[in-house]
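Just below is one structure, and these are the notes that go with it.
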Amino acid sequence: MRKTIKMLALLLISCVSPAKGQQPQQMSITELFRLADAQNADISASDARITVASQGEAVAKNSRLPQINASVTLSFLGDGTILDRNFSNPMRDKLPHFSNTLGVEVYQPVYTGGAITSSISLAGKETEMAVNGRNITVNSVRMAIVSNYLELAKQRNLLKVYDENISLTEKLIGEMKLKYSEGIVLKNDITRYELRLSSLSYDKLATENAIRILNNNLISLLGMEPTVEIIPDIEADGSLPVQSSYSNWMQTATSNSPTLKTFDISADMAHLGRKIAHSDYIPKIGLVAGDNLLGPITFEVPAINKNYNAWFVGVNVKWNISSLFTAPKSTRKYDLKIAEIQTERDAAETAISRNISEALTLYRQSVERLEIENKNVQLAEENYAVVSNRFDNQLALLTDMLDASNALLDAGVRRVNADISTRFYYYQLHYLAGTLSTL
């Protein structure tokens, strides 16, 4: 039964081993960020939204240009009929049958109560919102890359530990079987380590599956080929800079957080909407000029089969009197919207403050833990050196050697995990402050 379990575990491991043809690439977080900026689908979609918003801003500026309208009408004009007032004695009035009308009118807005200026500014804010939306997307994508990348590094480090443990356990089982044949150890001792080997094989299988999932996540985020196998290169990113205080992080977040900027831009857009609504109160003034050419001349009896041309220049004043009743409701709606946005912004800023405080505390804790784990690795190395020397001189058992090796591997894993945790909270602080997109 034990052999069957062992064979099944090894078979599962072989079935889920990395596919042939995979292309290992050692990459740092900085390299992944650059790839994501160029190839991530969500970031590309954000770039497209910026282009559309910029075009909308250009269209809005057309409101300042003069409006030119021209019309041409060609028609068949039927004969007229002249009647008495009591609709008797009809007489036919022959008219020229070809009728033409040509009209050109130019309108140049001069004063609109700020409606045109506010509309152009509103379009500019939409572009600003699209740019800010891209920053939100970049921040989110980069944080997802950080999470998957650091977890991938953690799992790959764990896989090395399992490989070392499996190798040492197999070696120990071989030694124990030899001693069992000599009657030195019991069969139960061998069984215990064979069960340990089966457990290690399954844990290795789970780790390999986790590595495959994390690798696929990164490939999807980066828009890379599915055959690429990403190998984390944490050392290439260098040491982390010393972090500043909570107040400095909050000041950075207040200035750079795209979440808070979303509320600020929304508030500006609401203010501009209020100005546009309020402009209905104010008469609109513009210059108007036009020219009309028509024929035949039918306002004379009998009709004159000639063209008649007339032009005009003047000032156009429009005032929507009903705005006295409708505009107050519109402006009130925007007042309420502005207050709502401010309330939501305050809540978001409070949440960011809370999250930064938590992340900064965990970051400092990880830094302290990393210092402790570095010391533990030093102690484990010293212990391994002593036990190894005793084992070479046949003063220690293989089990002592296994324990010392496991202690050294475990210390190494904890140090790497502490380093990964420190880096995660470092990037999380930048994510919360809105500066991850600038790294």
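Index from 1, following the sequence. All values below come from the heavy atoms of this structure, side chains included, with hydrogens, waters and symmetry mates left out.
With values rounded to the nearest 0.5 angstrom, Met269 atom CE is found 12.5 Å from Ile338 atom CD1. Rounded to the nearest 0.5 Å, atoms CE (Met27) and CG (Leu32) are 4.5 Å apart. Separation of atoms CD1 (Ile276) and NE2 (His271) is listed at 13.5 Å; rounding is to 0.5 Å. In this structure, OH in Tyr149 is found 10.0 Å from CZ in Phe33, a value given to the nearest 0.5 Å. Going from atom OG of Ser71 over to atom CD of Glu105 covers 9.0 Å, rounded to the nearest 0.5 Å. Rounded to the nearest 0.5 Å, atoms CG (Leu205) and OH (Tyr162) are 11.0 Å apart.
At least one side-chain heavy atom of Ser99 sits under 4.5 Å from a side-chain heavy atom of Pro296. With a 4.5 Å cut-off on side-chain heavy atoms, Ile352 and Ser257 count as touching. Counting only heavy atoms from C-beta outward, the side chains of Val413 and Lys160 never approach each other to under 4.5 Å. Residues Val317 and Val315 meet the side-chain proximity criterion, which asks for heavy atoms closer than 4.5 Å. Side-chain contact between Met143 and Gln428: present, with at least one pair of heavy atoms (C-beta onward) separated by less than 4.5 Å. Under the 4.5 Å side-chain criterion, counting only non-hydrogen atoms from C-beta, Gln25 is in contact with Val228. Ile231 has its side chain within reach of Glu229: a pair of non-hydrogen atoms, C-beta onward, lies under 4.5 Å apart. In this structure, the side chains of Val106 and Val288 stay at 4.5 Å or more apart for every pair of heavy atoms.
The cationic group of Lys318 lies under 6.0 Å from the six-membered ring centre of Tyr107 and within 45° of the ring axis, placing it in a cation-pi geometry.
Judged by distance alone, the side chains of Ser421 and Tyr363 never bring a donor and an acceptor atom under 3.5 Å apart. A side-chain N or O of Asp84 and one of Asn89 form a donor-acceptor pair less than 3.5 Å apart. If you check the side chains of Asp291 and Asn309, you find a donor sitting under 3.5 Å from an acceptor. Counted by atom type alone, Gln378 and Asn374 present zero donor-acceptor pairs between their side chains at under 3.5 Å. Checked by atom type, the side-chain pair Arg134/Thr137 shows no donor-acceptor distance below 3.5 Å. Checking Asn132 against Thr262 by side-chain atom types alone, a donor-acceptor pair falls below 3.5 Å. Looking only at atom types and distance, the side chain of Ser75 has no donor-acceptor partner in the side chain of Thr73 under 3.5 Å away.
Taking each heavy atom of Pro328 and Ser323 in turn, the nearest pair found is CD-O, 3.6 Å. Between Leu429 and Ile356, the closest heavy-atom pair is CD2-O, 3.8 Å. Contact detail for Ile219 and Pro226: the closest heavy-atom pair is CD1-O, 3.9 Å. The two residues Ser437 and Val138 come nearest to each other via the heavy atoms CB-CG1, 3.5 Å. Among all heavy-atom pairs drawn from Ala253 and Leu260, the shortest one is O-CD1, 3.8 Å. Smallest separation of non-hydrogen atoms from Ala270 and Lys337: CB-CG, 4.3 Å.
Other residues, nucleotides and ligands contribute at most 12 non-hydrogen atoms within 6.0 Å of the CZ atom of Phe87. The neighbour count for Phe98 CZ, taken as heavy atoms of other residues, nucleotides or ligands under 6.0 Å away, is above 12. Annotation: Gln251, atom CD; neighbour count of heavy atoms from other residues, nucleotides and ligands within 6.0 Å does not exceed 12. Enclosure of atom NZ in Lys284 by more than 12 non-hydrogen atoms of other residues, nucleotides or ligands within 6.0 angstrom is indicated. Around the CZ atom of Arg332, the shell of radius 6.0 Å holds no more than 12 heavy atoms that belong to other residues, nucleotides or ligands. Annotation for Gln108: atom CD counts as buried by contact number, over 12 foreign heavy atoms lying within 6.0 Å. Summarising the local packing, OH of Tyr334 is surrounded by 12 or fewer heavy atoms from other residues, nucleotides or ligands at distances under 6.0 Å.
With Asn148 as reference, Asn217 is the one residue of Asn216, Asn217, Asn215 to meet the side-chain hydrogen bond (donor to acceptor under 3.5 Å, both in side chains) rule. Of the listed residues (Asn100, Leu102, Thr101), just one forms a side chain to side chain contact (heavy atoms under 4.5 Å, CB included) with Val72, and that residue is Leu102. Among the candidates Val367, Thr361, Leu360, Leu362, the single residue satisfying the side chain to side chain contact (heavy atoms under 4.5 Å, CB included) test with Arg364 is Leu360.
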(request) Start with the C-alpha distance between Ile145 and Leu222, add both sets of side-chain angles, then the distance that settles side chain to side chain contact (heavy atoms under 4.5 Å, CB included), and finish with yes or no. (result) CA-CA 9 Å; Ile145 288 173; Leu222 299 171; 3.8 Å; yes

(request) Begin with the C-alpha distance, continue with both residues' side-chain angles, and end with the deciding distance and a verdict on side chain to side chain contact (heavy atoms under 4.5 Å, CB included) for Ser46 and Arg49. (result) CA-CA 5 Å; Ser46 296; Arg49 284 191 287 270; 3.1 Å; yes

(request) I would like to know whether Lys125 and Glu128 meet salt bridge (charged side-chain N to carboxylate O under 4.0 Å, His left out); could you show each step before the answer? (result) CA-CA 5 Å; Lys125 287 296 177 180; Glu128 190 176 340; 3.3 Å; yes

(request) Would you please test Ile211 and Leu159 for side chain to side chain contact (heavy atoms under 4.5 Å, CB included) and show each step? (result) CA-CA 9 Å; Ile211 290 173; Leu159 183 62; 3.8 Å; yes

(request) Would you sort out whether Arg423 and Asp419 count as a salt bridge (charged side-chain N to carboxylate O under 4.0 Å, His left out), showing the intermediate values? (result) CA-CA 6 Å; Arg423 292 178 183 275; Asp419 184 29; 3.4 Å; yes

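Ring-plane geometry between His97 and Phe76 is classed as parallel, the angle between the planes falling under 30 degrees on a 0 to 90 degree scale with a further cut at 60.
Taking 4.0 Å as the cut-off between side-chain N and carboxylate O, Arg345 and Glu349 count as a salt-bridged pair.
Side-chain N or O atoms of Asn383 include none that pairs as donor or acceptor with a backbone N or O of Leu379 at under 3.5 Å. Using modelled atom types, no side-chain atom of Ser357 and backbone atom of Arg354 make a donor-acceptor pair closer than 3.5 Å. Judged by distance alone, the side chain of Thr435 and the main-chain N or O of Tyr431 form no donor-acceptor pair under 3.5 Å.
Taking the six-membered ring where the residue is Trp, the centroids of His278 and Tyr281 are separated by under 6.0 Å.
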